[in-house]
Asker: 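Just dropping this structure here.
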Amino acid sequence: MKRFALIGAAGYIAPRHLKAIKDTGNELVAAMDRCDSVGIIDSYFPDADFFIEFERFDRHIDKLKRAGEKIDYVSITTPNYLHDAHIRWALRNGAQAICEKPLVLNPWTIDSLKEIENETGKKVNTILQLRLHPSIVALKEKVTKELQENPNKVYDIDLTYLTSRGKWYFISWKGDEKKSGGIATNIGIHFFDMLSWIFGEVEENIVHVKTEYANAGFLKLKHANVRWFLSVIYDYIPDEIKAKGQRTYRSITVDGEEIEFSGGFTDLHTRSYEEVLKGNGFGLDEAKPSIEIVSTIRNLNPVGLKGEYHPFAKKVSNV
């Protein structure tokens, strides 16, 4: 049984980490969040110590370490812009880090984290759960086989991800690009990771639309041309999806064929933790390509509706 601490216990994604710690037979020793709405902890680890001040949390972890009861892993589910600092804190306290996406906001931060890994001998792990999704694994195997037969093949891909968010989203840290990295970083990072993992490195990156609530662009990968559209606005969801009462729409077509992966997400955090505990977690090198993609998107100026743009880009009124 490994001993865990968790930073960011009140966050949206924290329950998946709590469940993963529980499902893998481990113990949450302490948790921290400046917000005290963390009753969810009772469903998993009611005996865990809880802190709303980082200084007291830090002192508690230090006392445990000095008493020979050190923490093995620190799970990090805090706002994106704090990940770097909390990862560094975990490693310097002798623990491995398991950090939610995006691991960090900028690719150069990866290089500095590598230095701390080398200094401490501890590893940074991140959650790239689409790499563990059965449908995506099957796609990876299919593409790998086809590229062995035809190394010059280039696939035609449309990626659409619409996940409705209320007005709170834009008031919270998620609506602040300096803290979240913007829409491409906050909700798109997994998809960009998956695409570059399967279809190769980026050769061209173009942004067609960039607003606070929608991003669209074109990625030329080594083996794929990708038109992508991301948004947090309900209005952009297709009418047939709205009619079903759904507020999320995700679609990936590869050469006109829909890749079905709407299900199978429930236990992917637990699967991620299982791999981390076996020493097979996704680390800094795996995380870097998608962070480079979204960092570039964040710093590009949109070109408007020119070239190969996603058809949903026309939905954005102020393009």
Side-chain angles (χ1 to χ4, degrees), residues 7-8 10-17 33 35 75-87 98-110 126-131 133 159-197 202 205 207-217 219 226 228-237 247-252 265 268-269 272 282 286-300 302 310 312-313 316:
I7 310 175
Y12 168 79
I13 206 68
R16 296 190 193 180
H17 288 259
D33 200 297
C35 175
S75 298
I76 299 163
T77 60
T78 49
N80 302 346
Y81 71 107
L82 298 176
H83 288 176
D84 175 34
H86 292 152
I87 290 168
I98 303 177
C99 185
E100 253 302 332
K101 63 81 184 170
L103 186 64
V104 291
L105 295 181
N106 298 298
W108 52 85
T109 309
I110 296 284
T126 191
I127 303 294
L128 299 174
Q129 72 263 39
L130 281 184
R131 295 193 185 200
H133 192 290
L159 163 66
T160 314
Y161 182 46
L162 312 176
T163 179
S164 304
R165 297 290 186 265
K167 295 179 181 179
W168 67 267
Y169 182 92
F170 302 100
I171 301 301
S172 76
W173 64 267
K174 295 183 180 185
D176 184 341
E177 185 178 281
K178 292 180 180 179
K179 293 182 177 180
S180 71
I183 284 178
T185 303
N186 201 44
I187 71 170
I189 190 85
H190 282 322
F191 298 104
F192 293 124
D193 170 73
M194 178 267 288
L195 291 169
S196 60
W197 177 56
V202 177
N205 191 338
V207 175
H208 295 115
V209 173
K210 189 192 295 183
T211 72
E212 64 175 348
Y213 51 84
N215 284 185
L219 279 177
V226 182
W228 58 270
F229 184 88
L230 307 168
S231 180
V232 293
I233 294 296
Y234 176 74
D235 290 348
Y236 297 159
I237 292 179
R247 295 182 59 83
T248 296
Y249 174 70
R250 57 172 72 89
S251 171
I252 296 178
F265 283 86
L268 290 183
H269 275 73
S272 299
F282 300 120
E286 288 90 349
K288 192 171 185 179
S290 58
I291 292 171
E292 289 177 332
I293 290 171
V294 296
S295 176
T296 299
I297 289 170
R298 193 182 313 129
N299 290 288
L300 284 173
H310 192 290
F312 276 44
V316 184

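Excluded from the calculations below are hydrogen atoms, water molecules and symmetry mates; all remaining heavy atoms, backbone and side chain alike, are included.
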Asker: For a quick test of reading the model, state the closest non-hydrogen atom pair linking T77 to G8 and the distance between them.
Answerer: OG1-O, 2.7 Å
Asker: Where the side chain of R165 meets the backbone of K174, is there a donor-acceptor pair that is under 3.5 Å apart?
Answerer: no
Asker: Can you check whether A214's main-chain N or O pairs, donor with acceptor, with S231's side chain at less than 3.5 Å?
Answerer: no
Asker: Heavy-atom distance under 4.5 Å between the side chains of N205 and I297, does that happen here?
Answerer: yes
Asker: Is Y12 atom OH crowded by more than 12 heavy atoms from other residues, nucleotides or ligands, each under 6.0 Å away?
Answerer: no
Asker: Is it true that the side chains of D235 and Y213 contain a donor and an acceptor less than 3.5 Å apart?
Answerer: no
Asker: Taking the side chain from R298 and the backbone from G181, do they hold a donor-acceptor pair closer than 3.5 Å?
Answerer: yes
Asker: Determine whether I127 and R16 make a side-chain contact, defined as any pair of heavy atoms from C-beta on separated by less than 4.5 Å.
Answerer: no
Asker: Can you say whether the rings of F312 and Y249 are parallel (under 30°), tilted (30 to 60°) or perpendicular (over 60°)?
Answerer: parallel
Asker: Looking at side-chain heavy atoms only, is the closest gap between F191 and Y161 below 4.5 Å?
Answerer: yes
Asker: Evaluate the side-chain proximity of S196 to I293: yes if any heavy-atom separation is below 4.5 Å, no if none is.
Answerer: yes
Asker: Tell me if a side-chain donor or acceptor on D33 pairs with a main-chain N or O of C35 at a distance below 3.5 Å.
Answerer: yes
Asker: If you round to the nearest 0.5 Å, how far is CD1 of I87 from CG of L82?
Answerer: 11.0 Å
Asker: From N80 CG over to I189 CD1, what is the distance, rounded to the nearest 0.5 angstrom?
Answerer: 9.0 Å
Asker: Between atom CD of E286 and atom CD1 of I110, what is the distance when rounded to the nearest 0.5 Å?
Answerer: 10.0 Å
Asker: Any side-chain heavy-atom pair from W197 and L130 closer than 4.5 angstrom?
Answerer: no
Asker: Please report the closest heavy-atom contact between D193 and R131, naming both atoms and the distance.
Answerer: OD1-NH2, 2.7 Å
Asker: Using every non-hydrogen atom in the two residues, find where P107 and K288 come nearest and quote the distance to one decimal.
Answerer: O-CE, 3.9 Å
Asker: Got a second to check how far K210's NZ is from L230's CG, nearest 0.5 Å?
Answerer: 12.5 Å
Asker: With distance as the sole test, does K101 use its side chain to make a donor-acceptor pair with the main-chain N or O of Q129 at under 3.5 Å?
Answerer: no
Asker: Do T78 and H83 make a side-chain contact, defined as non-hydrogen atoms from C-beta onward lying under 4.5 Å apart?
Answerer: yes
Asker: If you round to the nearest 0.5 Å, how far is CG of N215 from OG1 of T185?
Answerer: 8.5 Å
Asker: Which atom names give the shortest non-hydrogen contact between S290 and F192, and what distance separates them?
Answerer: CB-C, 4.1 Å
Asker: Spell out, as yes or no, whether a donor-acceptor pair under 3.5 Å connects the side chain of D176 to the backbone of S172.
Answerer: no
Asker: Can you tell me how far apart OH (Y234) and OG1 (T248) are? Round to the nearest 0.5 Å.
Answerer: 10.5 Å
Asker: If you look at every heavy atom in P15 and G11, which pair is closest and at what distance?
Answerer: CD-O, 3.5 Å
Asker: Which pair of non-hydrogen atoms, one from A313 and one from V209, has the smallest distance, and what is that distance?
Answerer: CB-CG2, 3.9 Å
